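This report concerns only the one structure given below.
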Amino acid sequence: MNQNEKIDKIFLKPYNPLQHEEETYMLWEKESVFNPDKCVVKKYSNSKESPFSIILPPPNVTGSLHMGSALMLAIQDILVRFQRMKGRKTLWVPGTDHASIATESKVEKILMKQKIRRTDLTKEQFLEKVDEFAESQRKEIKDQIKKMGASVDWSREAFTLDKQREEAVKTAFTILYERGLIKRGEQIVNWDPKGQTTISDDEIEYQEGKATLYTFKYAKDFPISIATTRPETKVGDTAVAVNPEDKRYKEYIGKEYEVNFAGCTLKIRIVEDKNVDPEFGTGALGVTPAHSKVDWEIAQEHALPWYKVINEYAKMETSNPEINGLKTTEAREYIVNWLKKENLLEKEEEIDQNISISYRSGGVIEPLPKLQWFIDVNKKFTLPLSSIPGVEAGKKVTLKELMLHVVKEGHIKIIPERFDKIYYNWIENLHDWCISRQIWYGHQIPVWYKENKESETEVHIGIKKPEGAGWVQDPDTLDTWFSSGLWTFSTLGWPGNADMSEKLKEVKKRGDLLEYHPTTVMETGADILFFWVARMILMSTSLLGEIPFQTVYLHGMVRDEKGRKLSKSLGNNIDPRDLSKQYGTDAVRLSLIIGTRPGNDSRVSLDKLKAYKHFANKIWNASRFVFENTTDYNEKSTPEKLPKKYEEYVKNCLDLAREVTEDMENYRFYLAGEKLYHYFWHTFADIIIEEAKKDINGNNVDLSNAAKHSLREILRMNLKMLHPFMPFITETVWQRSPFLLNRPLAVESWPTKK
RNA sequence: GGGCGCUUAGCUCAGUUGGCUAGAGCAAUCCGUUUACACCGGAUAGGUCGUAGGUUCAAGUCCUACAGCGCCCACCA
């Protein structure tokens, strides 16, 4: 068998991705090229260069990965592989998120199908089921991450609900509590009667709808008419608010009336408040402090009493037995009828109104006052330690100020820039963050209560249950974003063994946290800028006095071919693995990357997938051609100075390398990828190879050698540059090539201009 | 109510700080079955870069207004 027959044997045609991808990933793992420590030992990376670090946004264990995750993995892998090849010590930490509410309700649904209700199980039994489910999803997700070729360091895999992260959560809670930033209080919260839990402002979605606006008086002898879409809540009114500028009601301000309204006795005071719009309705607002956020604030302002008239099941709780226990909608009907009967109803009109919906459970949000835990974003506290320029250690700041400062001063750069404004706007409107949830799955709040002899409640906040009998832990769990907010440093060993309250500094002396934090870049979906990115900034700046990342790269949403959202309920959901099987992972990655600008939505395109699958085949065959035709190539026989034509070819390729490098360094890999594609196919394959064919078989030995030399050099550079984009095929070719020395392509050096 | 994005070839989209005859993929038309590849090659056609003004030696790129589509935030009880 001659050389070319051998090459034919190892380069079977056409290129079949399925045949090579798995073994290639195994090769990388065997060689530990994803582990930065081992890369230093093996001298694959230069420990003197500044490290490059990135933490994977942890996918929720609610289900398997979707196309958005595939895009995320592709972008991050490109960034990471590029830096690794440039010789930087490079860390990419993988992990998953327990996604408390989402996972809990998912498991509940699964149990329902088996005719098991949550209430049939004890808390322990239920959590066991959830853990079981989460574990199986994690396996699935891990498999998907590998299939996408993501070069993550599995030895550092993390889970937001594992032991280490639990320690981080408890520590964070304790520190924030000690600084007075976490408080417990009765406040109006977004209650989800369907999910039976509170949710944060950001977890609400608005649905457009119509509502009836009723205009009426509480009673015949009451001087002012009010308008509302929710008459049933009016049994909880304690005031009527009017605009101070409104002349119509000036004379009533400060007066108090006792009225009998729908069988309930109400004491209504007339107050003035700037927030009341004189143009709307009658210009007078019936204040229901317990069941409306705006009203709650008005009530706070005027020290009004409040009465809860709707309970956690969205049923009435009133002194009138005819209404008590009714659903809110039934109570509304009762009250409207009563108004009609009493001849108090003046007007009924239809208006546009948005309905607040929980984005997890779909339940209609009922504002309720409840005893909950909050993070106070407006309270001044002393930052004990800081490496943030402009905020020295010891300075008094609020969380809001910190969060604004680091972005406004450019310590954190957001790509694309336009999201800066959106971020500022969100922070400026930020209210206290309600962090307690009435569900089982998640980090239980590290607070313990005990009744003492005087039947007062003692409270203990800390990492461990206090000594002695009688301590009961707060049953609530934390908002899932509390633990994911710690993600950039909880994955890097924080808090470790140090005594957190005393020696924050000590922590930084330890391994990963010192080496890799702040992380270089956070790449994630633009849709979780508020949920997550802002929370990470909050946690990192306040707990470590450090930014969590230098750059935020935001990607848009991946939609289907028609531009619709991909979702299970629409039935157009795609498992990236199915596309990988059909087109090869490299093609899937390229199709998601090329032409997708940061922050913009993109569409799954079968045309693109097909095109890049063909491209993989092109690389395969062009490589085969080069190796077949250069088997007798001898470096020594290459003329020192290449003939002009080949000199130009090589120079052009080096120019491309410079341009591509610059694009990569500036996060324009969606351009770099296209340039590489175009160069490889339409310059290297179509022009250079075709030109070289003549010279290789010609009589001029020097020209022939120069052609062989140039083909190899250009192919070598292209395989390297294409590797971050198409890791599988480039590595597979490399492993079969004369280029292979003592290391995989994944840790070969990135081409630079000599 | 406030803010943001998009509008470029038949379709889906690039075009980096204003600078060469405006690009890619797919689709279309014609030719080619020469030993890397038919998951191929060569060629052709196709755009007054949403509209109207403006700045500039020069505008797809900057400014202003308008239109259509989409998104985010706030929210009127």
Side-chain angles (χ1 to χ4, degrees), chain A residues 4 7-8 11 13-16 201-202 204-206 211 213-215 226-231 233-234 237 240-241 273 275-288 291-295 298 351-354 356 416 418-426 428-429 526-527 529-530 556-557 559 561-563 583-584 587 590-591 594-597 599-629 659 662-663 666-668 670-675 677-678 681-682 685-686 689-690 692-693 697 711:
Chain A
N4 286 1
I7 290 170
D8 264 346
F11 282 92
K13 48 190 160 176
Y15 171 64
N16 180 3
D201 294 348
D202 310 287
I204 295 178
E205 274 176 354
Y206 294 98
L213 182 70
Y214 301 92
T215 304
I226 56 161
T228 183
T229 54
R230 299 197 62 187
T233 64
K234 298 292 107 183
D237 281 14
V240 163
D273 197 289
N275 293 318
V276 178
D277 177 4
E279 304 292 318
F280 187 87
T282 61
L285 163 67
V287 181
T288 322
H291 301 287
S292 153
K293 284 206 162 174
V294 180
D295 295 10
I298 293 173
I351 60 162
D352 295 320
Q353 197 187 34
N354 289 340
S356 309
R418 65 186 144 92
F419 281 93
D420 282 5
K421 276 189 214 156
I422 302 176
Y423 176 83
Y424 300 147
N425 182 272
W426 182 78
E428 278 154 15
N429 288 311
D527 53 330
L529 177 64
F530 308 139
M557 201 184 290
R559 296 169 176 279
E561 284 216 277
K562 293 171 188 159
Y583 300 96
L590 223 50
S591 77
I594 291 183
T596 303
R597 285 191 297 175
N600 280 18
D601 291 357
S602 58
R603 297 184 186 195
V604 173
S605 157
L606 297 183
D607 283 344
K608 265 172 147 183
L609 283 162
K610 228 190 325 181
Y612 297 126
K613 182 189 177 182
H614 293 179
F615 181 49
N617 194 51
K618 192 75 183 178
I619 295 172
W620 187 250
N621 284 299
S623 302
R624 193 223 327 273
F625 176 85
V626 171
F627 301 143
E628 272 177 354
N629 287 279
E659 212 178 307
E662 207 187 304
D663 283 340
N666 291 293
Y667 297 94
R668 295 190 301 255
Y670 56 99
L671 293 183
E674 188 165 0
K675 282 175 190 168
Y677 168 88
H678 201 246
W681 200 314
H682 299 298
D686 289 350
I689 288 183
E690 290 307 318
K693 276 180 185 170
N697 298 319
L711 286 186

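What you see below is based on every heavy atom in this structure, not just the backbone, and it leaves out hydrogens, waters and symmetry mates. Note that the structure is a prediction, hence the values are computed from the model and not measured. Below, read A as the first sequence line, B as the second, and so on, with proteins coming before strands; counting in each chain starts at 1.
- Residue contacts for A/E690: at a heavy-atom cut-off of 4.0 Å it reaches a base atom on one of the strands shown.
- For the atom pair A/E205 CD and A/N354 CG, the distance stands at 12.0 Å (nearest 0.5 Å).
- Close to B/G15, at under 4.0 Å from its OP1 or OP2, lies a side-chain N or O of A/Y670.
- Of the candidates B/A36, B/C39, B/U16, the closest approach to any side-chain atom of A/H614 belongs to B/C39.
- Closest to the A/V294 side chain, of the nucleotides B/A24, B/A36, B/C75, is B/C75.
- Here, B/A22 and B/A67 have their P atoms 32 Å apart, quoted to the whole Å.
- When heavy atoms are screened at a 4.0 angstrom cut-off, A/K562 is found touching no nucleic acid atom at all.
- The aromatic rings of A/F530 and A/W426 sit parallel to each other, their planes meeting at less than 30°, with 60° as the upper class boundary.
- Nucleotides B/C26 and B/C40, compared at atom P, are 8 Å apart to the nearest Å.
- Using cut-offs of 30° and 60° on the angle between ring planes, the pair A/W681 and A/F615 is parallel.
- Of the possible donor and acceptor atoms, none in the side chain of A/K618 sits under 3.5 Å from a partner among the backbone N and O of A/A685.
- Residue A/K693 places at least one side-chain N or O under 4.0 Å from the OP1 or OP2 atom of B/A36.
- Taking the side chain as every heavy atom from C-beta outward, A/Y423 and A/D420 never approach each other to under 4.5 Å.
- In this structure, CD1 in A/I594 is found 7.5 Å from NZ in A/K608, a value given to the nearest 0.5 Å.
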What nitrogen or oxygen pairs link the protein and nucleotides 71-73 of chain B at under 3.5 Å?
none

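- No engagement by A/S292 is indicated, since no non-hydrogen atom pair under 4.0 Å with the nucleic acid exists.
- B/A28 and B/C39: their P atoms are spaced 15 Å apart (whole Å).
- Taking 4.0 angstrom as the limit, A/K618 places a side-chain polar atom (N or O) nearer than this to OP1 or OP2 of B/G41.
- Residue contacts shown for A/S591 are absent, as no nucleic acid heavy atom lies under 4.0 Å away.
- One interatomic measurement links the two molecules: CZ of A/F627 to C1' of B/C37, which rounds to 15 Å at whole-angstrom precision.
- Contacts between residues 599-610 of chain A and RNA chain B, defined by a heavy-atom separation under 4.0 Å, are made by A/N600, A/R603, A/D607.
- Heavy atoms of A/D527 sit nowhere under 4.0 angstrom from any nucleic acid atom.
- Nucleic acid contact for A/V276: base, since at least one base atom lies under 4.0 Å from a heavy atom of the residue.
- Atom P of B/A24 sits at a distance of 33 Å from the matching atom of B/U64, rounded to the whole Å.
- Taking atom C1' on both B/U55 and B/C69, the two are 29 Å apart, rounded to the nearest angstrom.
- In this structure, the side chain of A/N617 engages the main chain of A/Y15 through a donor-acceptor pair within 3.5 Å.
- Formation of a donor-acceptor pair under 3.5 Å by the A/R559 side chain with backbone atoms of A/R603 is not found in this model.
- When distances run from any side-chain atom of A/I689 to the nucleotides B/A77, B/A36, B/G42, the shortest one goes to B/A36.
- For the C1' atoms, the distance from B/C31 to B/A36 is 22 Å, rounded to whole Å.
- Looking at A/N354, its side chain comes within 3.5 Å of the base of B/C75 through a donor and an acceptor atom.
- Taking the ring axis of A/F625 as reference, the NZ or CZ atom of A/K693 stays within 45° of it and closer than 6.0 Å to the ring centre.
- Every stem involving RNA chain B, taken as at least 3 paired positions in a row under the Watson-Crick or G-U wobble test at 3.5 Å, is listed here: B:1-7 with B:67-73, B:10-13 with B:23-26, B:28-32 with B:40-44, B:50-54 with B:62-66.
- Here the side chain of A/A611 is nearest to one of B/C26, B/G41, B/A77, namely B/C26.
- Counting only heavy atoms from C-beta on, A/D277 has its side chain closest to B/C76 among B/G41, B/A24, B/C76.
- B/G25 and B/G1: their P atoms are spaced 45 Å apart (whole Å).
- Among B/G42, B/A77, B/C39, the nucleotide with an atom closest to any side-chain atom of A/L285 is B/A77.
- Note that CG of A/L213 and OG1 of A/T229 are 6.5 Å apart. Values are rounded to the nearest 0.5 Å.
- As a whole-Å value, the separation of A/Y583 OH from B/C26 P is 13 Å.
- Atoms CG (A/D295) and P (B/C76) sit 9 Å apart, rounded to a whole Å.
- Annotation: the span from A/D295 atom CG to A/L285 atom CG amounts to 5.0 Å, rounded to 0.5 Å.
- Among the protein residues, A/A685 comes within range of the nucleic acid bases, having at least one heavy atom under 4.0 Å from a base atom.
- A/T288 places no side-chain N or O within 3.5 Å of a backbone atom of A/H291 that could act as its donor or acceptor partner.
- Comparing A/G595 and A/W681 by the nucleotide of RNA chain B that holds the closest heavy atom to each, the one mapping nearer the 5' end is A/G595.
- Using a 4.0 Å heavy-atom criterion, one finds that A/R418 contacts the sugar-phosphate atoms exclusively.
- In this structure, A/E628 atom CD and B/A36 atom P are separated by 7 Å, rounded to whole Å.
- Atom P of nucleotide B/C37 and atom CH2 of A/W620 are separated by 14 Å, given to the nearest angstrom.
- Remark: C1' of B/A74 and CD of A/E428 are 13 Å apart, rounded to the nearest angstrom.
- One atom, NE2 of A/H682, and another, C1' of B/G25, lie 9 Å apart when rounded to the nearest Å.
- Taking atom CZ of residue A/R624 and atom C1' of nucleotide B/C37, one finds them 7 Å apart after rounding to whole Å.
- The backbone N or O of A/N425 sits less than 3.5 Å from a side-chain atom of A/N429, completing a donor-acceptor pair.
- Comparing the same atom, C1', in B/G10 and in B/A52 gives a spacing of 27 Å after rounding to whole Å.
- Comparing A/Y15 and A/R597 by the nucleotide of RNA chain B that holds the closest heavy atom to each, the one mapping nearer the 5' end is A/R597.
- For A/F11 against A/S623, the heavy-atom pair with the smallest separation is CE2-CB, 4.5 Å.
- You'll find that the side chain of A/Y677 is closest to B/G25, out of B/G41, B/U16, B/G25.
- Using modelled atom types, no side-chain atom of A/N666 and backbone atom of A/R668 make a donor-acceptor pair closer than 3.5 Å.
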